[in-house]
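Worksheet: one structure, shown below.
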Amino acid sequence: MRLPNWLHKFASPPHFYRIAARIEPWMLWSGLAAIAVGAFGGLLLAPPDYQQGDAYRIIYFHVPAAYLAMQLYALMAIGSAIGLIWRMKLAYAIAAAAAPVGLAFTGLALATGMLWGKPMWGAYWSWGDARLTSVLVMFFLYLGYMLLHASLEERSTADRAAGILAVVGVVNLPIIKFSVEWWSSLHQGPTISRLAAPAITWDMLWPLLVMVAGSVLFSMAVTLTRARAEVLLRERSARWVRDAAEACA
Amino acid sequence: MRIGLAVLRNEFLIYFKKWIHIIVNIAFFIFSTSLFSLVAGLEQELLAEWGAGVIWVVALLSMLLAMPLLFQPDREDGTLDLMLLSAVDPAWLALAKAAANWCVFGLPLVLLSPLLGASYGLEGIALLVLPATLALGTPALILLAAVAAALTAGLRRGVGLLALLVLPLALPILLFGVRATELAADGFPAGAPLMMLGAFLLAALGLLPWAAGAALRATAN
Amino acid sequence: MRIGLAVLRNEFLIYFKKWIHIIVNIAFFIFSTSLFSLVAGLEQELLAEWGAGVIWVVALLSMLLAMPLLFQPDREDGTLDLMLLSAVDPAWLALAKAAANWCVFGLPLVLLSPLLGASYGLEGIALLVLPATLALGTPALILLAAVAAALTAGLRRGVGLLALLVLPLALPILLFGVRATELAADGFPAGAPLMMLGAFLLAALGLLPWAAGAALRATAN
Amino acid sequence: MNLVSTMLEARRLTIWRGERRLCRDLSFSLASGSLLLLQGRNGSGKTSLLRCLAGLLPLESGTVELNGIAFRRDPARYLRCLGWLGHKDGLKTELSVHRNLAFRLRLAGLAGKAGKEDELLERAGLKGLGNRAASQLSFGQRRRLALAGLIGAAPPVWLLDEPDANLDAQGREWLQRELNSHLDAGGCAVLAGHRMEWRVCGPAPQLILGIAR
Amino acid sequence: MNLVSTMLEARRLTIWRGERRLCRDLSFSLASGSLLLLQGRNGSGKTSLLRCLAGLLPLESGTVELNGIAFRRDPARYLRCLGWLGHKDGLKTELSVHRNLAFRLRLAGLAGKAGKEDELLERAGLKGLGNRAASQLSFGQRRRLALAGLIGAAPPVWLLDEPDANLDAQGREWLQRELNSHLDAGGCAVLAGHRMEWRVCGPAPQLILGIAR
Amino acid sequence: MREFLAMGGYAAFVWSCVGLSFAVFAGLMLTARRRLRSVRGRIRIRQRNAAPDEGSWELRA
Ligand code: HEM
Ligand SMILES: Nc1ncnc2c1ncn2[C@@H]1O[C@H](COP(=O)(O)OP(=O)(O)OP(=O)(O)O)[C@@H](O)[C@H]1O
Ligand SMILES: Nc1ncnc2c1ncn2[C@@H]1O[C@H](COP(=O)(O)OP(=O)(O)OP(=O)(O)O)[C@@H](O)[C@H]1O
Ligand SMILES: [Mg+2]
Ligand SMILES: [Mg+2]
């Protein structure tokens, strides 16, 4: 198996480094703007829920965080897999960059979920719930990835070792996704993801969508920034790195 | 393949030289499971409800106990280099080592579990289901732990990190194992979770040796 | 004595070398203790009855986890020879190594136990008695393990048998620890078993380091 | 195939260890029957280069081929050509000498024959020690045992890292004899070490000098 | 005290290893400033003899005295006279080079001074590697580090088992210099090894040949 | 305004979620930037220190 040609070109580290530097501010600021709009809409404009009152507004922070936690894990695992198969340093760099961001969002999803659970279910945590447990497992997978990466000195070794862990941990993703359908659960089933017939009103939905979009853009920007740092570390021997490092930002 | 068998045989010989660890392990298993029935002083029917949980958790923990010994010594005495440089696929290597480890640390648990289950007041079909869940679940656990052990083998005191890597992934296996036994104890058919365990084991057998082998290679340097 | 302190410091450094191991260790305690409540899905008041037993089993486990790692690496990399050839009494050596080990594997458990106990529904005085039993019991356990480890590091058959004789001594410690907490939880005075634990600890501190040191010298050759 | 076939071909190797580059664009090739001696100060990178040749350490860039096969293309065939002896002997000290030797031969895909093992042990000067635990060997005896495993496996390419460590004079002579017959039989070898007294009768030995820190 | 004081006195040593007697009624003594070279085939008992001298291996019969003190009479004083370097380096590979060195010095009862350590590292050719983990040293660098610990501790009696293993030529020269100044300063040393190129300016070295199997 | 802040009695839960979220956003942004800067710095230092042709090898016939 060979990588497609265009991917090869994009995957050339200096090219990536430059492109990323160019698109990153755009993503960052548009993401932040969308987050601001979404938060404003969610906290002020959207009507209170007839069952949950204002507590449901946590959704505007919980769902984007939970969504990104999973997406970033997928990114990390795909990056690791590509790295393992094609020995592409850029893919490893992206995986390593995604991990701390994903860890933060997983923590946020857990925290907001727990803060939501207290008023809704009367408890911060329930061990019996498959979704909660599987998200906690993902938290530990992120943590394991980062700790393993940090504790192996040789970077290429760390990339491959932690990458294997990330790939093995992928089995957890479908479990998170479908846990609410496979097992009886306290947790909400899919409400918005059924786009054809969303179960909530448009007034409540649009800030959520804006919020998710903004968070995605924001996390991409942050991941790209980190990925640039990781690429520099991995390309230490290349000439372009010296120029890039000297060009102070 | 045949080299894998040689590795397997070697492993057995070494484990039996270190028989004290095996005995300590089995003793720990019997010890800590019976601790509850001794000390907690619960009524029989309550004991029966949690017997499966206790035995499973102890199985998991005692398995973790054995894990640091899987690749660490090989790495330190240089044998791992030699094995990686033999023509055998490292996946076979990992599988052989995991198999030997299971026979020494896992199999006794499976064989002992009906006895322990009975001491917890499990009865009838549950006494068959419990060892069945262990027989399906513990190999998968060992394979998981083998991946983690391979990843952390370079780190000398990586026991803690190893546990952290294994436990999250081991959780589903544990849950299904307990679930099946509990269903059986309550007189329901336990086929579904047993099937799940079987599926886990197959997936583990198909995937994890390769992951462990890749991990061994990746951390060689 | 001062050299003993140097050994202690070195051990700490090795354990703390990667601060992550400490965190991981703590995570392991929290994780493995909550595993029980997770799989069993117990009601609160029943949980309380199990709490002490579970936490004590995890303590025993961490002691066993530590056992193979206590002197084996030193023997294999030649440091043990060096330490035996320094002017320090091997008893101090064993004590220092056991102390460092306890600080890493035992102390977090002692400190966390009120929290863990509370999550198991223990209340009031029992939340003080539980860490007290652990604080008295786990050092004695580690010292026992140190003797066993010093003996098994020699790998000779008869010696291994001796180690096997040492380990069952852990049983009374365990039983008294759990007993004390249960008494406290049920509102009875827990003084007697606590005193027993204290007596065990004193005896262990007085005798076992010398036994371990002698074992280290005896198995040097 | 040429008359003197190239067995080991290293092209433009660049090796890093941590933050240090050990070599850049290093190329060499070894023909059948030839010996390469690696020499250099402590820490110059002999071991690292050997590990790269064996595929144990990832190369920053460059390729290594054994008999025209790169490791990535066919690991099993690549590895079957290789014989390895590192700084560490790779013995299981709990097991007997016999068992250790048999395991080595197994790893090389050879079914162990007691006769062959005994003969190997005798050549290595370990006659009569077969049933002893490897932990009860002296260090020179352990080195001899490790070498005996390699010699018994008879792979075409030998990578040896200070094979003479702990060996006495007789042991070094024995190794010299075995090396000569290995090269005569069409093998090649890379030897790292600090005292390069090896005598070669085939093609002249090459020498690589690493410059120290 | 004599003018040339006897530092190490071994009387009628008989050593057994397993079922084999390695020496019988072996007696020798080392005066201040003298060097004893142990030479012999692999498995002749050099390491065993050194371990007996250090008190790590029980003697079948005989006595060893350092400065007139037997191990059994006052272990602490006996051991304070001793410096040991075995086949194994005795390094904690997880710890940094600095930390390993400091630990050695501590074991010898010396409070670690950073200045002294740096100087030792520089003499050992390990300058600038102080903060690296010992696992990231090459094997020769590890041997140098172990030797540096011994030299820094400056015990009066050195017992060295193949100290030149893994050392490059410069390393061996360094060791030779250190050995000379140790002997000049009134110490004595027992060295086991297979290539005895050590030059001594003081009293002529003694040589013991172990009889091979 | 007060009503808005009270969040229908769920103020503690909702506002701590909001606060946490923005803290995480800010933290991610800052740490990412700092990481890039520190890596650049490290590489600059390393390249100043590195001898141009350290550890080169020489082949002798
Ligand atoms: C610690 C506890 C919690 C965790 C770990 C958690 C985790 C998750 C995850 C992983 C998702 C999936 C996001 C996606 O599919 O993209 C999600 C979605 C969601 N969660 Fe939670 N959650 C928790 C608590 C809660 C609570 C207490 C509520 C409300 C009472 C809640 C309501 C929702 C809703 C409405 C969704 C969107 C579902 C959809 O449309 O797909 N969650 N949560
Ligand atoms: N632990 C042991 N138990 C029994 N016999 C042993 C043990 N260790 C070594 N021997 C045997 O004792 C003899 C002396 O071993 P020793 O290690 O002292 O030799 P040596 O002179 O140091 O050899 P080398 O040059 O190989 O290091 C050898 O024949 C060896 O096989
Ligand atoms: N795991 C590692 N991580 C980082 N650097 C390392 C590692 N192992 C070795 N090094 C460094 O890489 C360089 C080359 O080491 P290597 O072991 O290849 O040297 P060598 O030529 O074999 O030396 P010796 O003669 O001492 O065996 C040394 O400077 C060493 O300090
Ligand atoms: Mg080397
Ligand atoms: Mg020797």
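So you know, we letter chains A, B, ... as the sequences are listed, proteins then strands, and number each from 1.
Contact annotation for E:Arg143: neither backbone nor side-chain heavy atoms come within less than 4.5 Å of a heavy atom of chain D. There is no contact between E:Asp161 and chain D, counting heavy-atom distances below 4.5 Å. D:Arg17 does not touch chain E: none of its heavy atoms, backbone or side chain, sits under 4.5 Å away.
Taken to the nearest 0.5 Å, the CD atom of E:Glu162 stands 9.0 Å off from the CG atom of D:Leu167. Put simply, NE2 on E:His194 and CD on D:Gln170 are 10.0 Å apart, with the number rounded to the nearest 0.5 Å.
Checking side-chain atoms of D:Asn42 against main-chain N and O of E:Ser138 turns up no donor-acceptor pair under 3.5 Å.
Remark: E:Arg21 CZ is packed, more than 12 non-hydrogen atoms of other residues, nucleotides or ligands lying under 6.0 Å away.
Interface remark: of the candidates E:Gln136, E:Arg172, E:Lys46, E:Arg172 forms the most heavy-atom pairs closer than 4.5 Å to chain D. Of the listed residues D:Ala165, D:Gly140, D:Ala169, the one with more heavy-atom pairs under 4.5 angstrom with chain E than any other is D:Gly140.
Checked for salt-bridge contact, D:Arg195 and E:Asp168 miss the test: no charged N lies under 4.0 Å from a carboxylate O.
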